[in-house]
Amino acid sequence: MPLPKLKIGDLTAAHPIIQGGMGIGVSLSGLAGAVAKAGGVGIISCAQIGYQDPLFERAPFKANMRAITSEYQKAKEIAGSGGIVGFNIMCATFKYESYVKRCVEVGADLIISGAGLPIHLPELVGTAKTKIAPIVSSAKAAKVILRTWAKRYDRTADLVVVEGPQAGGHLGFKYEDTGMAPEVMDEEFTKILDEVAVYEEKFQQKIPVVFAGGVFDRSDIDRYLALGASGVQIASRFVVTEECDAPESYKKMYLNASQKDIEIIKSPVGMPGRALHNDFTERTKVEERIPIAKCRNCLSLDHCDRKTIPYCISEMLLNAVTDKPQQGLIFAGGQVHRLNKITTVPQLMAELTLDPL
Ligand SMILES: Cc1cc2nc3c(=O)[nH]c(=O)nc-3n(C[C@H](O)[C@H](O)[C@H](O)COP(=O)(O)O)c2cc1C
């Protein structure tokens, strides 16, 4: 059976596959553009998006603002006509509002926002064509967001991303629930679909729901479609592609990982995160606080208490994509140990969709 297309309002992706946003520097224009060109939805991560700009060390916010423009233009050029490219913006980001507004200004097709509740997202996007999607991990979060958006802004989500406990990066679960059985998450997923259905009815519009976290092959995609998903969001598999924007050393960490290398770490954001074991994660076990070399204002003050955080998340994510992957934080999904070769985005999309290249 061919996979269905993914419709997000008036946008249509040939394949129901969204490439998950990956910061810092893992999903930029190279990866997002290639995924969009191959018929999926490409997502650029806004997390310190301008880190390669010479201006970054002096003025990170300014560098990030201009990188939103340049990365989007590059991704759209690669994607070609009809290619869908969006941004991932974490709610915990310092000056979150400015990031959203800049993405809207550049004409982003879509904004996906999680790591917190994107309560004000509709107000920031206004009447622009940019589609909006919250990331949720529970029916309760879906209810709070959709109810508030309906009441305050008389609008609803264009798409909902449900992130399960097997995802890479920050997880919307308690530490003890990060190993949750798939069947338990399936039940929660069904409850989220029910919650979304209330707003589909109220606004008389289809709200596609996609599942993320540990989706590895075609059988996983078929499984979530059978549960009622309109598609999936996949991240880790796209890291080991030639087009992925992370350096070779980062991709090698993925290829060399075994199951015992997958760890649940404590993020300064106050959420657990799934990452690869390395010198950095070892260090967090023996050092109560890793001194902050430099604050680049990545998180809002209510998400980062500079005086008490165990380490600086920006510094560690930046180490990961520079020349020190052992000294950095390498986020990865729960199936990362199954990756053993570098591929290309068209090859991976052909494998997942069963459409010939
Ligand atoms: C390296 C890496 C970085 C990530 N960064 C972000 C991010 O900046 N914002 C976000 O919302 N999700 C982030 N995620 C989560 C992904 O977008 C995605 O939802 C999740 O990893 C899907 O699970 P999978 O990796 O098993 O496919 C990240 C994941 C990885 C692996």
Side-chain angles (χ1 to χ4, degrees), residues 17-28 31-32 35 40-49 51 64 86-93 96 99 110-118 121 133-137 159-173 178 182 185 210-217 220-221 224 229 231-241 244-247 250-251 253-254 257 262-263 265 267 269 271-276 278 298-299 303 313-314 316-321 325 328-339 348 352:
I17 298 172
I18 300 177
Q19 159 259 308
M22 291 179 277
I24 295 173
V26 181
S27 69
L28 297 174
L31 179 57
V35 173
V41 176
I43 301 291
I44 299 169
S45 163
C46 273
Q48 305 289 37
I49 179 173
Y51 84 102
N64 289 341
F87 286 95
N88 176 292
I89 315 175
M90 291 195 298
C91 298
T93 308
Y96 171 78
Y99 282 82
L110 170 70
I111 291 175
I112 299 181
S113 205
L117 301 180
L121 189 53
I135 304 176
V136 298
S137 293
L159 164 85
V160 172
V161 178
V162 177
E163 222 177 47
Q166 288 301 309
H170 290 114
L171 304 169
F173 294 87
T178 53
M185 188 61 213
V210 300
F211 186 85
V215 177
F216 193 85
D217 56 20
D220 296 326
I221 300 177
Y224 287 106
V232 291
Q233 175 172 287
I234 298 178
S236 298
R237 289 220 60 186
F238 285 106
V239 172
V240 288
T241 58
C244 171
D245 299 278
Y250 193 101
K251 299 176 189 177
M253 293 287 289
Y254 265 50
I262 305 171
E263 280 194 25
I265 57 109
S267 160
V269 179
M271 299 167 88
R274 180 169 281 99
L276 290 183
N278 62 0
C298 63
L299 300 175
H303 284 96
I313 189 138
S314 259
M316 296 310 159
L317 289 172
L318 284 168
N319 280 352
V321 286
L329 173 53
I330 313 259
F331 279 141
Q335 300 297 316
V336 61
H337 55 285
R338 292 167 67 186
L339 294 166
L348 176 55
L352 295 172

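Order of appearance sets the numbers: ligands from 1, and atoms from 1 within every ligand. Remember, predicted model here, so these are calculated numbers, not experimental data.
Looking from atom 19 (O) of ligand 1 to the surrounding protein, the closest heavy atom is Glu163 OE2, 2.6 Å. Closest to atom 30 (C) of ligand 1, if we only count protein heavy atoms, is Met22 CG, 3.6 Å. At the top of the distance list for atom 21 (O) of ligand 1, counting protein heavy atoms only, stands Gly168 N, 3.0 Å. The protein heavy-atom contact nearest to atom 5 (N) of ligand 1 is Gly23 N, 3.1 Å. Summary of contacts: the protein heavy atom closest to atom 23 (O) of ligand 1 is Gly213 CA, 3.3 Å. Regarding atom 9 (N) of ligand 1, its nearest protein heavy-atom neighbour is Asn88 OD1, 2.9 Å. With respect to atom 31 (C) of ligand 1, the closest heavy atom belonging to the protein is Tyr254 OH, 3.3 Å. For atom 14 (N) of ligand 1, the nearest non-hydrogen atom of the protein is Gly21 O, 3.3 Å.
The cationic atom of Arg338 (NZ for Lys, CZ for Arg) lies less than 6.0 Å from the six-membered ring centre of Phe216 and within 45° of the ring axis.
Neither the backbone nor the side chain of Phe238 has a heavy atom within less than 4.0 Å of ligand 1. Under 4.0 angstrom from ligand 1, there are no non-hydrogen atoms of Ile43. Within the 4.0 Å heavy-atom criterion, the part of Ser45 lying near ligand 1 is the side chain and not the backbone.
Not a single heavy atom of Ala115 lies less than 4.0 angstrom from ligand 1. Within the structure, ligand 1 lacks Phe211 among the residues with a heavy atom less than 4.0 angstrom away. The shortest separation from a heavy atom of Gln233 to ligand 1 is under 4.0 Å, placing the residue in contact.
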